[in-house]
> 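Got a structure for you, questions after.
Computation of the quantities below employed the complete heavy-atom set of this structure, encompassing side-chain atoms and omitting hydrogens, waters and symmetry-equivalent molecules.
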Amino acid sequence: MTEPPRPPGEGNQNDPTAPFNPYAGNDPTSGSVPPPSSGGPAAPPPPNGGYAPPPSGGYGPPPGGYNPPPQQYGYGAPAGGTIAGDDRTWILVAHFGGAAGAFLGGGCAGWIAPLVALLARGPQSPQVRAEAVKALNFQILWSIIALVGWILSCIIIGIFVGFAAMVIGIVFGVIAGVKASNNQPYNYPMTVSIIK
């Protein structure tokens, strides 16, 4: 059942489209400015029903100071946040560059890009260093396996070992790069800790 129409001027307190006047209980006229505070001179009325200007002292910090929310970390980045532009670029160079080096070098050159990232940006950024070391350890191991496989290619099994090592270096390098681009930490499987 619907409510009968109201006479003009009579408002509905539960109407969400009606303008809100926080001073309606203290002031009989709708839309008037708030009473002056006891701390100083009254502020001029806001133009065209807008907001009143801030107090003369401005808005300060809340009582007791401002405490920022606690930070949670993935691999050095704030949760939900991103890593600085240069650091993010170098992390992606370490992971995707390792995969590209493994592809272009037949599985034997995947270590070059992570080493460049480690030497170029690692001393300034612990995040880049941690990710470049992970990528470098993984790519060094699989580059050595690929090199041994290609050396033993005179024995037919060596070709398969070299090719498999190349594919593993590419696939896991791409997976690590995708995870890093989404700010998710990734630990390479089938790796050894050669460089600390």
> Report the residues that fulfil side-chain contact (heavy atoms from CB on, under 4.5 Å) with Leu141, sequence neighbours left out, ordered by chain and then residue number.
Ile145, Val192
> Rounded at 0.5 Å granularity, tell me how far CD1 in Ile91 sits from NZ in Lys134.
9.0 Å
> To the nearest 0.5 Å, tell me how far Gln139 CD sits from Ile194 CD1.
11.0 Å
> Give, for atom CG of Asn187 and atom CD of Glu131, the distance between the pair rounded to the nearest 0.5 Å.
8.0 Å
> At what distance, to the nearest 0.5 angstrom, does CG of Leu119 lie from CH2 of Trp90?
9.5 Å
> Where is the tightest heavy-atom contact between Thr89 and Gly85, given as atom of each residue plus distance?
OG1-O, 2.8 Å
> Give a yes or no on whether the backbone of Met190 and the side-chain of Trp142 come within a donor-acceptor separation of less than 3.5 Å.
yes
> Which heavy atom of Gly107 sits nearest to which heavy atom of Ala146, and what is that distance?
O-CB, 3.5 Å
> Evaluate the side-chain proximity of Arg88 to Asn183: yes if any heavy-atom separation is below 4.5 Å, no if none is.
yes
> In residues 96-104, what donor-acceptor pairs under 3.5 Å come from side-chain atoms, sequence neighbours left out?
none

> Shortest non-hydrogen contact from Gly105 to Ala109?
CA-CB, 3.9 Å
> To the nearest 0.5 Å, how far apart are CD1 in Ile170 and CD1 in Ile175?
12.0 Å
> Can you name the closest pair of heavy atoms from Asn137 and Thr191 and give their distance?
C-OG1, 3.6 Å
> Mind listing the side-chain donor-acceptor pairs of residues 155-169 below 3.5 Å, one per line with the distance, residues two or more places apart or on another chain?
none

> Not counting sequence neighbours, which residues clear side-chain contact (heavy atoms from CB on, under 4.5 Å) with Leu147? List them please.
Cys108, Ile151
> Could you pull out all residues at least two apart from Tyr188 that satisfy ring-ring contact (aromatic ring centres under 6.0 Å, His included)?
His95, Phe138, Tyr186
> Could you report the tightest heavy-atom contact between Ala132 and Ala94, atom names first, then the distance?
CA-CB, 4.0 Å
> Please report the interatomic distance CG(Leu118) to CD1(Ile195), rounded to the nearest 0.5 Å.
7.0 Å
> With sequence neighbours left out, write down each residue that passes side chain to side chain donor-acceptor pair (under 3.5 Å) with Arg121, or none if nothing qualifies.
Asp87
